[in-house]
Peer 1: 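Handing you a structure now.
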Amino acid sequence: MSEQPAPADTARQQLDPAAADAVRAYAARTRANADQFAAVLEDIAANGLPPVEDCTPWEELREQHLARLAAQRPAVA
């Protein structure tokens, strides 16, 4: 990608209403995820790390996430 800014006189292509709504929904989900992540970090800053006994190992989280991804994607024969 070029690091030069786009010329100011370039017209922007407008999105159709359904695409614009999809982009807004994605932005809202992204903002909500960022807010949740920030809240966790603020809690850690204020209260310290949680006890190890209360935490889920990352391997378990990874396997859960991979299972969710596999369920979303149809199997290829």
Side-chain angles (χ1 to χ4, degrees):
M1 291 181 77
S2 173
E3 296 202 18
Q4 298 176 351
D9 61 349
T10 301
R12 298 179 79 169
Q13 179 180 356
Q14 294 297 311
L15 297 175
D16 63 77
D21 289 342
V23 171
R24 286 186 195 97
Y26 178 75
R29 287 191 311 273
T30 302
R31 188 175 294 111
N33 288 339
D35 288 345
Q36 183 179 18
F37 183 59
V40 169
L41 294 177
E42 289 170 353
D43 180 69
I44 290 171
N47 303 308
L49 292 170
V52 174
E53 303 82 40
D54 294 344
C55 296
T56 305
W58 72 268
E59 295 92 347
E60 188 176 322
L61 295 172
R62 179 194 61 209
E63 293 304 319
Q64 291 171 1
H65 184 64
L66 290 174
R68 278 193 307 273
L69 292 174
Q72 292 174 359
R73 183 173 283 240
V76 178

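If you read the sequence from its start, that first residue is 1, and numbering goes on from there.
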Peer 1: About how many Å separate CG of N47 and CD of E42, when rounded to the nearest 0.5 Å?
Peer 2: 11.0 Å
Peer 1: Taking all heavy atoms of L15 and all of A19, pick out the closest pair and write down the distance.
Peer 2: CB-CB, 4.2 Å
Peer 1: Which residues pass the side-chain contact (heavy atoms from CB on, under 4.5 Å) test with T30, sequence neighbours left out?
Peer 2: Y26
Peer 1: Look at atom CD of E59 and say whether more than 12 heavy atoms of other residues, nucleotides or ligands are closer to it than 6.0 Å.
Peer 2: yes
Peer 1: Walk me through whether R62 and H65 qualify under side-chain hydrogen bond (donor to acceptor under 3.5 Å, both in side chains).
Peer 2: CA-CA 5 Å; R62 179 194 61 209; H65 184 64; over 6 Å; no
Peer 1: Please say yes or no: joined through hydrophobic side-chain contacts below 4.5 Å, possibly via intermediate residues, are L66 and L61 part of one cluster?
Peer 2: no
